[in-house]
Number of protein chains: 2
Amino acid sequence: MPPHLDRASPLYLQIAHKLEQRIRDDIYPIGTLLPTEAELVSAFQVSRYTVRQAIDQLKRNGTVTARKGVGTMVNTKGNDWRTRFRGQSRHDLFDFSRDSELHFQTKTEVIARQEIAHEMGITTGRAFTYAAGLRYFKGEDLPFCWNEVYLDESVAEVLQGVDVLRKALFHMVESYTGERIASIHQELSPVQLTADLAGKLMLPTGSLALRMTRRYLSSRGRLLEYAIQTLPAERFSYRTVLSAGEPGT
Amino acid sequence: MPPHLDRASPLYLQIAHKLEQRIRDDIYPIGTLLPTEAELVSAFQVSRYTVRQAIDQLKRNGTVTARKGVGTMVNTKGNDWRTRFRGQSRHDLFDFSRDSELHFQTKTEVIARQEIAHEMGITTGRAFTYAAGLRYFKGEDLPFCWNEVYLDESVAEVLQGVDVLRKALFHMVESYTGERIASIHQELSPVQLTADLAGKLMLPTGSLALRMTRRYLSSRGRLLEYAIQTLPAERFSYRTVLSAGEPGT
DNA sequence: ATGAATTTGTACGTATGTATA
DNA sequence: TTATACATACGTACAAATTCA
């Protein structure tokens, strides 16, 4: 056990965190190469396997990119998904909650049967609170999204008495349970508006829209929340910037 | 080298693909556990390290989740096709390019005029090489994507003599210029297939699809590459996994 | 409640392949 | 061609979480 590391958490995570820290501190500036794996091995006094696991962490969230024969380049500082998830522009789907309001129209108790259970990726028979409504950007008259939510009964209480939602629901769930949402599985597909939805959104039937589903999983893999958003193309575009460095650098 | 595997691509990817295939075929149904790592080792006749790398691949795109002492559970089978894509980082684009092949059908020199220049966000009159073709997952017969690319004339040379593209184009651009792509602006919208495109993709006219555009900008803000992908909903779903912490915790 | 068996997670060593400069 | 640096792949061992007798 190298002296600068402890046994409290895996070595590769400690090293990954140290590397991220150094990137944030501009010890490894954006656009430069990290020390080679061999150098990191001798610097940290661990095996190459462990160094590679640490670097894998950074690759996974886009912080660095490796190229054979060249090295591992720093792309960006800090890439916490929780920041991305909230703090983006109004046109970024990652951030609904801060600039928009969800006005519920219906709220009922349901049992997940065949199709919906399959769609959620769970076994049939589990109880959920289903709530749905229109989502508006603050200060605008036209809704830009039809929003449906299934909340596991163990956390359904957070929606009680809520008619207008102004915060991220999954965040409320985290506060309620005291447990972090471990992962969010998000999926996007194209759809056409049904007559019913078109009416609610005040658009022609058959208009093109994006359908985004999100599955919020606990650390034990339990589905706590399932959300479906239908976003008409005329009122929304999904834009993201991938792993940009600092502007102008 | 186990007899059922070749050396064309890494063993762990071949195994990952086989596992995904079996999940799609309901050999490993949703909600059940995969065979244990030890069983997969003897089934595939590779080391445990290789098996774990294959499973890591499935974990990364959310297909499975593993728990110590329990096993690796199947989460989702994703659309009957091998169609997952994490759109979060440059690294995801590398993976995407490695698993698929782009077969060019046309290649011409063009000048960006009114509409397309506006779409690209540049001034009119700049010269580009335009190339377009169908993209296939390796080993599959049906294309899953119509792929168009505009390459700035300063880097157009990288496409010369290339009929089948197996690497990330922007990566080749980076190697060619020695300069890093600073940011990638991505946009997604729903569309319906035109008769022309439907013919190429062998799908009914009017089928729903995702249209994804990407603008690759140099560090000085110059547009070096503009790519448009039309992805039929039946063959592709856009999926992202936002994970809070580290695997296994 | 305890302990053994099972299963994934972490970590080390070593060797060879492949892309790049 | 040679050297460099990351990528893949084998082996081994022990730790940690879970399950079950």
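Throughout, a chain's letter reflects where its sequence line sits, starting with A, and its residues are numbered from 1.
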Asks: In whole angstrom, what separates Leu13(B)'s CG from dA9(D)'s C1'?
Replies: 13 Å

Asks: Give a yes or no answer on whether the side chain of His118(A) reaches the backbone of Gln114(A) with a donor-acceptor pair at less than 3.5 Å.
Replies: no

Asks: Would Arg22(A) and Asp25(A) pass as an ion pair if we require N to O under 4.0 Å?
Replies: no

Asks: So, OP1 or OP2 of dA5(D): does either fall under 4.0 Å of a side-chain N or O from Thr72(A)?
Replies: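 Indeed not, no polar side-chain atom of Thr72(A) lies that close.
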
Asks: Could you report the tightest heavy-atom contact between Ala209(B) and Pro232(B), atom names first, then the distance?
Replies: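 What the structure gives for the nearest pair is CB-CA, 3.7 Å.
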
Asks: For nucleotides 1-3 of chain C, print each protein N/O atom paired with a nucleotide N/O atom at under 3.5 Å, atom names and distance only.
Replies:
none

Asks: Round to a whole Å and report the spacing from CE of Met73(B) to C1' of dT18(D).
Replies: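 Checked: the CE to C1' distance equals 14 Å.
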
Asks: What's the closest nucleotide to the Tyr49(B) side chain, out of dC10(D), dC6(D), dT10(C)?
Replies: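 Nearest to the side-chain atoms of Tyr49(B), counting from C-beta on, is dC10(D).
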
Asks: Of all heavy-atom pairs between Leu224(B) and Ser218(B), which one has the smallest distance, and what is that distance?
Replies: CD1-CB, 3.9 Å

Asks: In whole angstrom, what separates Gln53(B)'s CD from dT10(C)'s C1'?
Replies: 15 Å

Asks: What nucleotide, of dA11(C), dA7(D), dA9(D), holds the atom closest to the side chain of Tyr12(B)?
Replies: dA9(D)

Asks: Verify whether one side chain among Glu101(B) and His103(B) offers a donor that lies under 3.5 Å from an acceptor in the other.
Replies: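 On atom types as modelled, these side chains qualify, holding a pair under 3.5 Å.
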
Asks: Is there a side-chain contact between His17(A) and Gln14(A) in this structure, where contact means two heavy atoms from C-beta onward sitting under 4.5 Å apart?
Replies: no

Asks: Could you tell me the separation between the CE atom of Met212(A) and the OH atom of Tyr238(B), rounded to the nearest 0.5 Å?
Replies: 8.0 Å

Asks: If you pin Ser9(A) and Gly71(B) to their nearest nucleotides in DNA chain C, which one's is more 5'?
Replies: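 The residue mapped nearer the 5' terminus is Gly71(B).
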
Asks: Mind listing the closest non-hydrogen atom pair of Arg126(A) and Leu223(A) along with its distance?
Replies: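 Scanning both residues completely, I find the closest heavy atoms to be NH2-O, 2.7 Å.
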
Asks: So, is Thr50(A) close to the dT10(C) phosphate, meaning a side-chain N or O under 4.0 Å from OP1 or OP2?
Replies: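 For dT10(C), neither OP1 nor OP2 has a side-chain N or O of Thr50(A) closer than 4.0 Å.
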
Asks: Parallel, tilted or perpendicular: which describes the rings of Phe128(B) and Tyr150(B), with under 30° parallel and over 60° perpendicular?
Replies: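 Answer is perpendicular, since the angle exceeds 60°.
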
Asks: Taking atom P of dC12(C) as reference, at what distance in whole Å does atom CZ of Arg52(B) sit?
Replies: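 That distance rounds to 15 Å.
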
Asks: Without swapping roles, check the side chain of Lys107(B) against the backbone of Leu159(B) for a donor-acceptor pair under 3.5 Å.
Replies: yes

Asks: What is the distance, to the nearest angstrom, from the CZ atom on Phe44(B) to the P atom on dC10(D)?
Replies: 13 Å

Asks: Tabulate atom names and distances for all N/O pairs under 3.5 angstrom spanning the protein and nucleotides 15-21 of chain C.
Replies:
from, atom 1, to, atom 2, distance (Å)
dT20(C), O4', Lys68(A), O, 3.4

Asks: Within residues 31-41 of chain B, find the residues that approach DNA chain C with a heavy atom at under 4.0 Å, and present them sorted by residue number.
Replies: Thr36(B), Glu37(B)

Asks: Measuring from the side chain of Pro10(B) (C-beta onward, heavy atoms only), which nucleotide among dC12(C), dT8(C), dA9(D) has the closest atom?
Replies: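 Taking heavy atoms from C-beta onward, the closest nucleotide is dA9(D).
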
Asks: For the pair Val173(B) and Asp152(B), evaluate side chain to side chain contact (heavy atoms under 4.5 Å, CB included) and give the outcome as yes or no after the intermediate values.
Replies: CA-CA 10 Å; Val173(B) 170; Asp152(B) 183 67; over 6 Å; no

